[in-house]
Amino acid sequence: MEKLKTGIAWLILIFFAIITIYPFIYMILGGLMSFQETTIIPPTLVPKHFNWSNYTQVFKQAPFAQYFINTLIVATTTTVVSLFTSLLGAFALVNLKFKGKKTIEVLLLSLLMVPGEAIIFTNYNTIAQMGLLNTYLGLVLPFLTSIFYMYYLRSYFGSISDTIYKASMIDGASDWNYIWRILVPMSKGGLFTVGLLSFISGWNSFLWPLLVTNEDSMRLLNNGLTAFASDAGSQTQLQLAAATLTVLPILIIYFIFRKQIIRGVVRNDLKG
């Protein structure tokens, strides 16, 4: 009976794994097919000939190289700055004692409950009044800090004994020294997870760049992909190739750093 249950569990797992993975496999292989192969029913999975020229055609029809550069700049900037601000904010919430701390915590938690869509047009009006439309600063400014990442890191820092902070202060270390010499090395898993999540969020951003950019030279990948899908018309093989270009970097990052992601989520670094 136990073997039967295990077998059924594996079958269910394999079934859902196929459902999840199939669209990605078809997207990657479809980008190498001919137009006829992408439109036949039932669909074929393996192309007869690998048409690498589809990718060349994609770059000829749309400035995807510029989209990549824009997306990389935005994702990297938001990741570095938000990681830095979240680190300092989480440290202050855990280790520092100051007047109004409880009030600030309640205020931050209240803001965390507000969905981003509710304030996106307020942010847009602010960026427009500052004259930052179609600029990198306008793309990254609302995302240079994150209350969610701050509280995520706070859970990490709160797991570190307060006696370590007090001992470092007795030894003459400043708060800055404690952060970079003790706190950061002991929280590498959490910091890495926050950085990776922030980068993925910046890479996949769509709605905000759609609002604050209307020039082709400032588009990010997802916005460029949407525009390309309209421009490419019925050329489904080119649409699949363009979608692969957009998704593949994130998939590669995930497969390279999947162990660090899992370790950061379960906080193995702090269990020892």
Side-chain angles (χ1 to χ4, degrees), residues 9 13 20 74-119 140-205 208 249-272:
L13 181 63
T20 304
V74 170
T76 303
T77 303
T78 54
T79 298
V80 173
V81 179
S82 66
L83 186 60
F84 180 73
T85 56
S86 299
L87 169 65
L88 297 184
F91 163 75
L93 291 175
V94 172
N95 296 108
L96 299 184
K97 293 179 174 59
F98 51 89
K99 187 177 181 179
K101 180 177 179 180
K102 292 294 182 181
T103 303
I104 292 175
E105 289 181 355
V106 172
L107 180 62
L108 290 176
L109 285 173
S110 300
L111 293 174
L112 190 59
M113 299 298 106
V114 179
E117 291 78 5
I119 60 174
V140 304
L141 194 58
F143 307 99
L144 296 183
T145 187
S146 169
I147 299 174
F148 173 77
Y149 295 148
M150 192 181 301
Y151 272 88
Y152 180 87
L153 290 177
R154 182 192 180 190
S155 67
Y156 259 84
F157 299 166
S159 301
I160 300 175
S161 176
D162 188 52
T163 57
I164 298 177
Y165 174 70
K166 292 178 180 178
S168 65
M169 295 298 102
I170 293 173
D171 288 340
S174 64
D175 288 335
W176 194 254
N177 289 332
Y178 171 77
I179 291 172
W180 295 108
R181 294 184 180 181
I182 299 176
L183 197 59
V184 170
M186 293 184 69
S187 307
K188 285 181 179 179
L191 293 170
F192 186 89
T193 301
V194 167
L196 197 57
L197 291 175
S198 179
F199 185 84
I200 292 174
S201 177
W203 188 274
N204 292 331
S205 58
W208 178 251
I250 292 299
L251 290 178
I252 292 173
I253 289 175
Y254 171 75
F255 283 116
I256 293 175
F257 298 112
R258 64 186 184 280
K259 291 183 179 179
Q260 287 85 344
I261 295 174
I262 296 172
R263 187 182 301 120
V265 172
V266 301
R267 296 191 291 178
N268 280 343
D269 287 349
L270 297 178
K271 288 184 178 180

Any donor-acceptor pair under 3.5 Å linking the side chain of [X] with the backbone of [Y]?
X      : Y      : value
Ser187 : Val184 : no
Ser201 : Leu197 : no
Thr79  : Gly202 : no
Ser146 : Tyr149 : yes
Ser110 : Val106 : yes

What verdict does the side-chain contact (heavy atoms from CB on, under 4.5 Å) test give for Tyr156 and Leu183, after you've listed the backbone C-alpha separation in whole Å, the side-chain angles of each residue and the deciding distance to 0.1 Å? CA-CA 10 Å; Tyr156 259 84; Leu183 197 59; over 6 Å; no

Measuring from [X]:[atom1] to [Y]:[atom2], what's the distance to the nearest 0.5 Å?
X      : Y      : atom1 : atom2 : result
Tyr165 : Ile170 : OH    : CD1   : 11.5 Å
Ser82  : Ile147 : OG    : CD1   : 13.0 Å
Lys99  : Ile104 : NZ    : CD1   : 12.0 Å
Phe199 : Ile253 : CZ    : CD1   : 4.5 Å
Leu108 : Met113 : CG    : CE    : 11.0 Å

Do the side chains of [Y] and [X] get nearer than 4.5 Å, heavy atoms only?
X      : Y      : result
Leu87  : Phe157 : yes
Thr103 : Leu107 : no
Leu93  : Tyr151 : yes
Ile250 : Asn204 : yes
Leu251 : Tyr254 : no
Leu88  : Trp176 : yes
Asp175 : Asn95  : no

Parallel, tilted or perpendicular: rings of Phe84 and Trp180 (30°, 60°):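 Answer is parallel, since the angle falls under 30°.
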
Take atom NZ of Lys166 as the centre, draw a 6.0 Å sphere, and report whether it contains more than 12 heavy atoms from other residues, nucleotides or ligands.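 12 or below, so no.
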
Counting only heavy atoms from other residues, nucleotides and ligands, does the tally under 6.0 Å from CZ of Phe255 exceed 12?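 Open.
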
Apply side-chain hydrogen bond (donor to acceptor under 3.5 Å, both in side chains) to the pair Ser168 and Asp171, showing each step before the final yes or no. CA-CA 5 Å; Ser168 65; Asp171 288 340; over 6 Å; no

Just do the side-chain contact (heavy atoms from CB on, under 4.5 Å) check on Phe143 and Thr77 with the steps written out, would you? CA-CA 9 Å; Phe143 307 99; Thr77 303; over 6 Å; no

Of all the heavy-atom pairs spanning Leu83 and Leu191, show the shortest one and how long it is.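 The answer is CD1-O, 3.6 Å.
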
Can you see which heavy atom on Met150 is nearest to which on Thr85, and at what distance?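 Nearest pair, atom of Met150 first, then Thr85: CE-O, 4.4 Å.
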
